[in-house]
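In what follows, a single structure is set out as structure tokens and then discussed.
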Amino acid sequence: MSLEDGDPLRPRGQQLSAVPRLTEMRDHSLRTPGGIGTDAMAAVGDKDVTPGGASQREWQPEEALMTELAELVKEVVKSSSWWERHGVDISILACSILLLPAGFLCLRSAQAVPFLAGVLSLGVVHHTLTVKGSHLASHNALTESKSWGKVWAVFFIELCSAFTVEQATYNHVKLHHGYTNVIGLGDSSTWKLPFLNRYVYMFIAPLAVPILTPLVALDLLRSVEWKAALRTLCCMFLGFYCHYWLLLHVSGFQSPWSALLCMLLTRSLLAHPYIHVNIFQHIGLPMFAADRKPKRIHLMSLGVLNLPRNPLLDWSFGHSLISCHVEHHLFPSLSDNMCLKIKPLVSQYLKQKKLPYNEDTYSSRLWLFLQRYEELMVHAPPITELVGIQ
């Protein structure tokens, strides 16, 4: 894995110099970003993102680095309108909901083109609500009101996604974000199914996501209070039944089995990139022991990777899960649109501080995982130790 400028990362037992300049652990052929436009500096006015010079900042304490970056991002957020902070993403979700009637009506057609258009539109809408909507709701990034944030979390996570809010928040926000790439906590190991071979896992297993998701949710309900479990069960049933009822009475399906098959088809339409994105952006990057993990800015810059922008995935999954995943892990409460807005600033700052800013293409990561599937998805990952900066 080729990261940004600096000294090499090595597995535990080998030492590094105590200078917080980091680079490669293994050759994963990651690409660093191209030139940074002027919008990064425009976002922070005339302030230089490296006051005092680079040589001085190379020895700057990690807490000070994160504090300085947070202050720069805070200025951008404060200068942004409500439309930029929340309106853009809310509009995408609202447009998706408004597309539902057209999608169900297209399925009434006996002709192939309108029918396929209905399948595609309902599939994209489903993933926009269940992935983008649920992800933003889990971080309370859709609104500045905590009360409304809870309402949106129940709607997107439980009603649309058939999962439980409490466990989604705990596993994603508390563990994955709190302990990114820390072995046994936020190391993305829940995505691993070592008993499957590479081709089954990468190309066939994703089709089972719509079935496995509610089954996993039902198992996790044993860990929540009975009131929360009852609410989740009601929301899950309501979401599934509404989808099924609309296919029968609006789309005109005659057979329950054909309606269920259509549900499976639309709900698994983007399941392949959903699985791929979740493993591409963390697995294969440096992993750390809980008692030796680096400070936040190093943890996130080392253990997170951005993919290129893609119109379909940007709409359905959101920028924070595709091209702005590094920014999202550094500032998880920001909306997708705000992550995109601060991207030039964050990438420039990390580069100037000689910290990694990992980027790679979807096809490159897919080929890497197919070639090194057992190493990445079956065997335990090597532990990276950064001597001198913990």
Side-chain angles (χ1 to χ4, degrees), residues 1-9 16-77 180-181 280-282 284-286 288 294-309 319-320 322-332 334 338-361 364-365 384 386 388-389:
M1 173 183 64
S2 177
L3 301 181
E4 195 58 28
D5 312 307
D7 300 325
L9 289 173
L16 294 175
S17 112
V19 182
R21 301 174 61 189
L22 318 169
T23 52
E24 58 192 21
M25 180 176 178
R26 49 173 95 87
D27 184 15
H28 283 188
S29 301
L30 304 187
R31 298 183 295 105
T32 55
I36 303 299
T38 57
D39 51 345
M41 296 309 299
V44 296
D46 296 328
K47 181 177 290 188
D48 184 2
V49 297
T50 55
S55 60
Q56 175 183 351
R57 292 304 186 186
E58 287 175 358
W59 295 89
Q60 188 178 25
E62 291 76 28
E63 294 87 348
L65 286 173
M66 189 64 212
T67 300
E68 182 182 38
L69 178 58
E71 286 298 319
L72 295 173
V73 170
K74 183 179 179 180
E75 291 184 13
V76 178
V77 175
T180 301
N181 284 31
F280 289 171
Q281 295 183 316
H282 294 285
L285 300 176
F288 304 93
K295 297 297 183 181
R296 179 177 178 81
I297 193 166
H298 286 112
L299 186 65
M300 301 310 176
S301 63
L302 283 166
V304 187
L305 175 142
N306 285 345
L307 295 169
R309 293 194 63 178
H319 300 299
S320 61
I322 305 300
S323 61
C324 305
H325 205 49
V326 174
E327 291 75 13
H328 170 63
H329 268 261
L330 287 167
F331 304 99
L334 296 183
M338 284 306 302
C339 284
L340 184 64
K341 184 174 182 178
I342 68 169
K343 180 182 174 72
L345 171 63
V346 172
S347 63
Q348 184 183 34
Y349 184 88
L350 294 180
K351 290 174 64 179
Q352 290 183 351
K353 301 306 178 183
K354 309 301 181 184
L355 294 172
Y357 187 77
N358 302 323
E359 291 186 307
D360 201 5
T361 65
S364 175
R365 296 299 283 177
T384 301
L386 309 179
I389 67 171

Determine the minimum heavy-atom distance between [X] and [Y], stating which atoms define it.
| X | Y | answer |
| --- | --- | --- |
| His329 | Arg296 | O-NH2, 2.7 Å |
| Ser301 | His298 | OG-O, 3.2 Å |
| Ser323 | Pro308 | CB-C, 4.2 Å |
| Lys341 | Val76 | CE-CG1, 3.9 Å |

Roughly how far apart are [X] [atom1] and [Y] [atom2], rounded to 0.5 Å?
| X | Y | atom1 | atom2 | result |
| --- | --- | --- | --- | --- |
| Met300 | Leu69 | CE | CG | 12.5 Å |
| Asn358 | Leu307 | CG | CG | 11.0 Å |
| Ile342 | Lys74 | CD1 | NZ | 14.5 Å |
| Glu327 | Ser347 | CD | OG | 6.5 Å |
| Tyr349 | Leu330 | OH | CG | 10.5 Å |
| Ser320 | Asn306 | OG | CG | 10.5 Å |

Non-hydrogen side-chain atoms of [X] and [Y] separated by less than 4.5 Å:
| X | Y | answer |
| --- | --- | --- |
| Leu305 | His282 | no |
| Leu340 | Arg309 | yes |
| Leu334 | Val77 | yes |
| Lys295 | Met66 | no |
| Phe280 | Asp360 | no |

Carboxylate-amine/guanidinium contact Lys343 Glu359, below 4.0 Å: yes
I would like to know whether Leu299 and Val304 meet side-chain contact (heavy atoms from CB on, under 4.5 Å); could you show each step before the answer? CA-CA 8 Å; Leu299 186 65; Val304 187; over 6 Å; no
So Glu68 and Lys353, salt bridge (charged side-chain N to carboxylate O under 4.0 Å, His left out) or not? Walk me through it. CA-CA 11 Å; Glu68 182 182 38; Lys353 301 306 178 183; 3.7 Å; yes
Between Leu285 and Asn181, does a side-chain contact (heavy atoms from CB on, under 4.5 Å) hold up when you go through it step by step? CA-CA 8 Å; Leu285 300 176; Asn181 284 31; 3.8 Å; yes
Could you go step by step and tell me if Met338 and Phe331 meet the side-chain contact (heavy atoms from CB on, under 4.5 Å) rule? CA-CA 10 Å; Met338 284 306 302; Phe331 304 99; over 6 Å; no
With sequence neighbours excluded, residues passing side chain to side chain donor-acceptor pair (under 3.5 Å) with His319: none
